[in-house]
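These notes are about the structure you will find just below.
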Amino acid sequence: MSYDLSSANAFNPEITINSGQMFLWEKLNDTWYGTYGDHILKLSPDPSVSFNNDSGKTDNELNIIRKIRFESYPEIRNWPTLVFRLDDDISKILSDISTDALMARTVRRGYGLRIMRQEPCQCIVSFVCSSNTSITMIRKMLRNLSKKFGRRLNLDGRDFFTFPSIKSLNKADINELRSCGVGYRAKAIKAVAKSIVEHEIEFSALSNVSYYEAKSALLKIYGIGNKIADCILLFSLEKLEAFPIDIWIARALERHYKWVYCTNDSNVNLQPDCGLSSFQYRHISEKMRQYFGKYSGYAQQYLYYYMRETENLKW
DNA sequence: GTACAGGCAGTAT
DNA sequence: ATACTGCCTGTA
C-alpha cells in the first residue's frame, strides 16, 4: 500500500487526503476508507452520481461532490461538507495565506490538499499517540486500539473497526492499552480519556472559546504539549489559526522563514534537527500566526506537505 | 546489532 | 529560560 502524494492525487485531484494526519484512512483499489469516530466513511469515484438537493451549496462544493460517491456507515447526514471542510471558502483562504512567493508556490503544488475535520475524541487520542514515533507506528497503534476496543463493521467483504469510545478507553486497564503497542503513551491515553469522561474538558465549549483559551485547557492534560495541542485545535476544534510545529515544519521555518521569527527584538535561534523548547515554540508559532493570519493552519498544512514531498518520503 | 521516528514530562542549573 | 534526560516499540 502506497501513501505517496501521487496516489492520493490520482484518485481525485480536487481532494488530497494527507496520511500525515489522517492516520486511519487507507486506499484499496480505487476506494478510500476512513474512520470518523464511531463511523466508517467511504469514497469512490462515480461520475454518474447526481444530487437532487444542490441548493445552498457553493460551486466549489458542487465540483467536488459531483465526482465522488460518498457513503457512511452508520449514515451521517451531509458529512462530506463536515469532514472535508467544504464550507470553507478555499480560494479566499489560499489567496489569503499566499503572502510570499514561496507560499504561493507551495499552495499551487499542493493543489487539492485540505484540512479535514476529525472527530475530537479520535483526534486527541491519535495525536497523543503521535509523540516521538513514526507515522507507520502511529497507524499501527491506532489500528490495534480499534481492533481491541472498537466495533467491527463488515464492508465490501472486509472487516473495519470503528474508533474506540472514550468511555471504553477510560475503563481500559493500562496493560490492555499497552498490549496495543502504545508503550509509555498508555498513561497519556488514560489521562486524556479521564479528563473527557469526567468533563474536565468539553469539546463543544472549547470550539467556542478563543484559540488561546482552548489551548491552555488542553495543555493541562498529561501527555499534551504545544505541538499536540495545536494539532487537536486545528483538526477538531475549529482553530484554523493554530500552527503546529513539528520537526518538518521546524526545518522549513529554519530554512525559509527565519526572517519572520528571528528579528532584532527577538533573537530566537533554531538549531537544525533539534527540538524546540516551550518558549521557542510559543514565540515562533506566534510570529508565524501573525505573519500568515487567521488561516495559518492551512499554511502549515501546505508547508508540511511540501516538505514531505520534496524529501520523497513513503509516509 | 543499533539508530531512528511528526514530543513530552521531569529534573537540575 | 535553557539544557539535558529517559521513554515503548517496530522498522530500516
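What you see is a predicted model, and the numbers here were worked out from it, not measured in a lab. Just so we're on the same page: letters track the sequence lines, and every chain starts at 1.
Between the CG atom of A/Leu177 and the C1' atom of C/dT9 there is a distance of 15 Å, rounded to whole Å. Atom NZ in A/Lys140 sits roughly 19 Å away from atom P in B/dA5 (whole-Å rounding). Whole-Å rounding puts the A/Trp248 CH2 to B/dG7 C1' distance at 16 Å. Across the protein-nucleic acid pair, A/Ile174 atom CD1 and C/dC8 atom P stand 11 Å apart, rounded to whole Å. Taking atom CD1 of A/Ile247 as the reference point, atom P of B/dA5 lies 8 Å away to the nearest angstrom. Distance A/Ile135 CD1 to B/dG7 P: 10 Å, rounded to the nearest Å. In this structure, CD1 of A/Ile224 is placed 15 Å from P of B/dG7, rounded to the nearest angstrom. Atom-to-atom, CG of A/Leu219 to P of B/dG7 comes out at 16 Å; the value is rounded to the nearest Å.
Evaluation of the salt bridge (charged side-chain N to carboxylate O under 4.0 Å, His left out) test over residues 289-305 of chain A, restricted to residues two or more places apart or in two chains, returns A/Glu286-A/Arg289. Screening residues 228-240 of chain A for side chain to side chain donor-acceptor pair (under 3.5 Å) gives A/Arg85-A/Glu238, A/Arg117-A/Glu238, A/Tyr211-A/Asp230, A/Lys215-A/Asp230, A/Asp230-A/Tyr281 as the qualifying pairs, with residues at least two apart or on separate chains. Legend: ring-ring contact (aromatic ring centres under 6.0 Å, His included) pairs involving residues 144-186 of chain A, not counting sequence neighbours, sorted by first then second residue: A/Tyr33-A/Phe160.
A/Ser207 and A/Ser204 share no side-chain donor-acceptor pair at under 3.5 Å. With no hydrogens or angles considered, no side-chain donor-acceptor pair links A/Ser44 and A/Asp30 at under 3.5 Å.
Consecutive Watson-Crick or G-U pairs involving DNA chain C, each under 3.5 Å on both distances, make up stems of three or more pairs at B:2-5 with C:9-12, B:7-13 with C:1-7.
Nucleic acid contact class of A/Phe127 (heavy atoms, under 4.0 Å, all strands): none.
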With the criterion being N/O to N/O and under 3.5 Å, what pairs connect the protein with nucleotides 11-13 of chain B, and how long is each?
none

For nucleotides 1-7 of chain C, list the nitrogen or oxygen atoms of the protein found under 3.5 Å from its nitrogen or oxygen atoms, one pair per line.
none

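For A/Ser210, the side chain to side chain contact (heavy atoms under 4.5 Å, CB included) partners are A/Tyr212, A/Glu213, not counting sequence neighbours. Qualifying salt bridge (Lys or Arg N to Asp or Glu O under 4.0 Å) partners for A/Arg152, counting only residues two or more places apart in sequence or in other chains: A/Asp159. Qualifying side chain to side chain contact (heavy atoms under 4.5 Å, CB included) partners for A/Ser130, counting only residues two or more places apart in sequence or in other chains: A/Phe127, A/Ile138, A/Lys227, A/Ile228. For A/Tyr222, there are no side-chain hydrogen bond (donor to acceptor under 3.5 Å, both in side chains) partners two or more places apart in sequence or in a different chain.
One C1' atom belongs to C/dA3, the other to B/dA5, and the distance between them is 22 Å to the nearest Å.
Listed by residue number, there are no residues of residues 185-198 of chain A with a heavy-atom contact under 4.0 Å to DNA chain B.
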Donor-acceptor pairs under 3.5 Å, side chain of residues 172-180 of chain A to any protein atom, not counting sequence neighbours: which ones?
from, atom 1, to, atom 2, distance (Å)
A/Asp173, OD2, A/Asn175, N, 2.8
A/Glu176, OE1, A/Asp173, N, 3.1
A/Ser179, OG, A/Glu176, O, 2.6

Can A/Leu218 and A/Ile124 be said to form a side chain to side chain contact (heavy atoms under 4.5 Å, CB included), step by step? CA-CA 10 Å; A/Leu218 290 177; A/Ile124 199 167; 4.2 Å; yes

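Judged purely by atom type and a 3.5 angstrom limit, A/Glu119 uses its side chain to pair as donor or acceptor with the backbone of A/Gln122.
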